[in-house]
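Shown next, in C-alpha cells, is the structure this report addresses.
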There are 2 protein chains.
Amino acid sequence: MNMNDSSPMYLQVARRLMDDMQAGHYRPDQALPSERALSEQFGVSRVTARKAIDQLVEQGLVVRKHGSGNYISQRELPLPSLSGFSAQMQQRGHAPSSTWLKREIVLANAEEQLSLGLTPDDRVVRLERLRLADGEVMAHEVAVLPLDIVPDPGAIKDSLYQYLSEHDRLPVRALQQIRAANATEVLAEELGVEVGDAVLFVTRVGYLASGRAVELTYAYCRSLNVAQTPSY
Amino acid sequence: MNMNDSSPMYLQVARRLMDDMQAGHYRPDQALPSERALSEQFGVSRVTARKAIDQLVEQGLVVRKHGSGNYISQRELPLPSLSGFSAQMQQRGHAPSSTWLKREIVLANAEEQLSLGLTPDDRVVRLERLRLADGEVMAHEVAVLPLDIVPDPGAIKDSLYQYLSEHDRLPVRALQQIRAANATEVLAEELGVEVGDAVLFVTRVGYLASGRAVELTYAYCRSLNVAQTPSY
DNA sequence: CAGTGGTCTAGACCACCGC
DNA sequence: CGGTGGTCTAGACCACTGA
C-alpha cells in the first residue's frame, strides 16, 4: 500500500475493501478474509487492518462476529447516506422552504473551534436561515462549516445537503443534542410563538466517514405540541 | 485498575473518566490529562487510554484537538421540560401507539454500563417496543433504564414519559446520535420497508438535571422520505 | 522548541465459534 | 481442537500546537 497516497493506511485499506465490495468481489453474508490474512495481504499490522474494518462497521457495511469472522452485511448498494435527515424535524407532506438571513465567511468562534476541531485562525462559512413548512416558520437555523469544506458558499442554493452530496462531503454520522429553552422576544417573533414558550434548541455535529467533523448546526425549533400521549 | 471487574480496561477507564467529569473534576472546555499521562495514571498502555477516550468522543463528551489536547465538550443544562421530545420522531396529528416485545429486568451490558454509569452488578429494565403511528410501524425501539429509576416496570403503560414524569424523573437534557443504516431482513419485515432500504439508527441518552444519565434508548426508525428538497 | 494527538508495528493472551 | 475476533502492550515515528 501507500504509494502516491498520504492518507493513513487504515483509510486506504478501508477504501480498497469498500471498492472490492462494490465491485462484487465479496457477496452479502460472506465473510471477509480474516484480520490476520488482511494484514498480510495489505502489508499492514493487524491493528491497522482492524481499524480499517472499524470504518466499514461504522458505516454498516460489515458486521463483526466474535470467533467467527467479519461478514458483509446484507444489502444492495453502499449508500449509507443521511438523506432527509433533518426532515425528521418537519412534518410529513408539508412543503419545506427557507429564507436566508446570512451567508457569511467569518473566523470560527470558540465553540465552533471546539466542535469542528479548528484553530482560531480558521475561517468558517456561517449559513443562517429561517426554515419553513407550508409558509409557516418552523425553525431558526444556523449552520457552520469549515471553509475548506465549502469553498464557494455562493453555490449553495436551497439545499446544503445537495451541495455536500455533490462534493462528496456528506456526513455519514451525526451527533445531536436536544434541549428545551424559553423563547426570547426576538425568537418568539420569528417563530410565531409567545415569549417564554418552550422551544427546542437542537445542536448537531455531522461527521464524515473519516471521523472529521464538518458541520455544526444549531437551531431553535418550535416545539411540536403533542396531542394525546406524550408517548415518550 | 481491574479489581473485581472483568470488563475491558478501556471501558473501565472510560467510565472512570466519565464519573470524574460528572463529579465536576473537569470543567467544560478544559483539557483532559494527556493520553500519556492517563495511561500512566491508570496503569494501561497509551493505546488503551486512547480507546477509552474514543468512547467519550463517540458520546460527544470529549473533543480531540490534534497537537493540543482532548477537551471536555459538555454543554450545560437548561431548565425547561423536554416534554413531547421524541414526538419529534413522529408525524403530527397521527395517533401513536405501540406493541410490547419485551419488558425485562437484566444485568446491564458493557455499553449500557458505560452510557448509564453503572457497574457490572447493576440491573436495568429493558423495554422493547414497536412504535406505530396510525397503525403503521415507525420504529423498533429499545429503552434501557437503571432499575432504581424504574423499580416497578410493570406500572408502565403506554407511555414511559408519563411514568417518569409522575415519579419526577424526567430527563431535562438528551444526547442523541443519529446514523443511517440499511435494513436487515428482520428489520425490514418489522418496519415494512425493503431489505437494504435506508433506516435511521438513533441512540439517545437522557440526563436528569443532576447530570445523572437515566435513559438509554436506541431505535431503528423508518427514514422519512422527503418529497422534494432534501432540505438539509 | 517541547508536548500533544494520530498512526503504526510485532507480538501476546483471551474468549468465542464450529468442527 | 484450530481459527476467529477482542483486547492489550511497549515502543516508535509523524504532524500539529502553542509558547
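Each chain gets a letter, A, B and so on, in the order the sequences are listed, and its residues count up from 1.
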Protein-nucleotide distance ([X], atom [atom1]; [N], atom [atom2]), rounded to Å:
{"X": "L38(A)", "N": "dT4(D)", "atom1": "CG", "atom2": "P", "value": "11 Å"}
{"X": "M9(B)", "N": "dC14(C)", "atom1": "CE", "atom2": "P", "value": "15 Å"}
{"X": "E40(B)", "N": "dT9(D)", "atom1": "CD", "atom2": "P", "value": "13 Å"}
{"X": "K51(B)", "N": "dC8(D)", "atom1": "NZ", "atom2": "C1'", "value": "9 Å"}
{"X": "E35(A)", "N": "dT9(C)", "atom1": "CD", "atom2": "C1'", "value": "16 Å"}
{"X": "F42(B)", "N": "dT7(D)", "atom1": "CZ", "atom2": "P", "value": "18 Å"}
{"X": "R64(A)", "N": "dA15(C)", "atom1": "CZ", "atom2": "C1'", "value": "15 Å"}

Notebook entry, point to check: With distance as the sole test, does S39(B) use its side chain to make a donor-acceptor pair with the main-chain N or O of R36(B) at under 3.5 Å?
Noted result: yes
Value for OH (Y26(A)) from CE (M18(A)), rounded to nearest 0.5 Å, stands at 13.5 Å
Rounded to the nearest 0.5 angstrom, the OG1-CZ distance for T217(A) and R129(A) is 8.5 Å
Check this one for me: any side-chain N or O of [X] less than 4.0 Å away from OP1 or OP2 of [N]?
{"X": "T48(B)", "N": "dT7(D)", "answer": "no"}
{"X": "N70(B)", "N": "dG5(C)", "answer": "yes"}
{"X": "Y10(A)", "N": "dC8(C)", "answer": "no"}

So, do [X] and [Y] sit near enough that their side-chain heavy atoms are less than 4.5 Å apart?
{"X": "M21(B)", "Y": "I72(B)", "value": "yes"}
{"X": "L147(B)", "Y": "I105(B)", "value": "yes"}
{"X": "L187(B)", "Y": "E190(B)", "value": "yes"}

With sugar-phosphate taken as primed atoms, P, OP1 and OP2 and all else as base, the protein-contact string of nucleotides 10-19 of chain D at under 4.0 Å (heavy atoms; B, S, -) is B-B--BBBS-
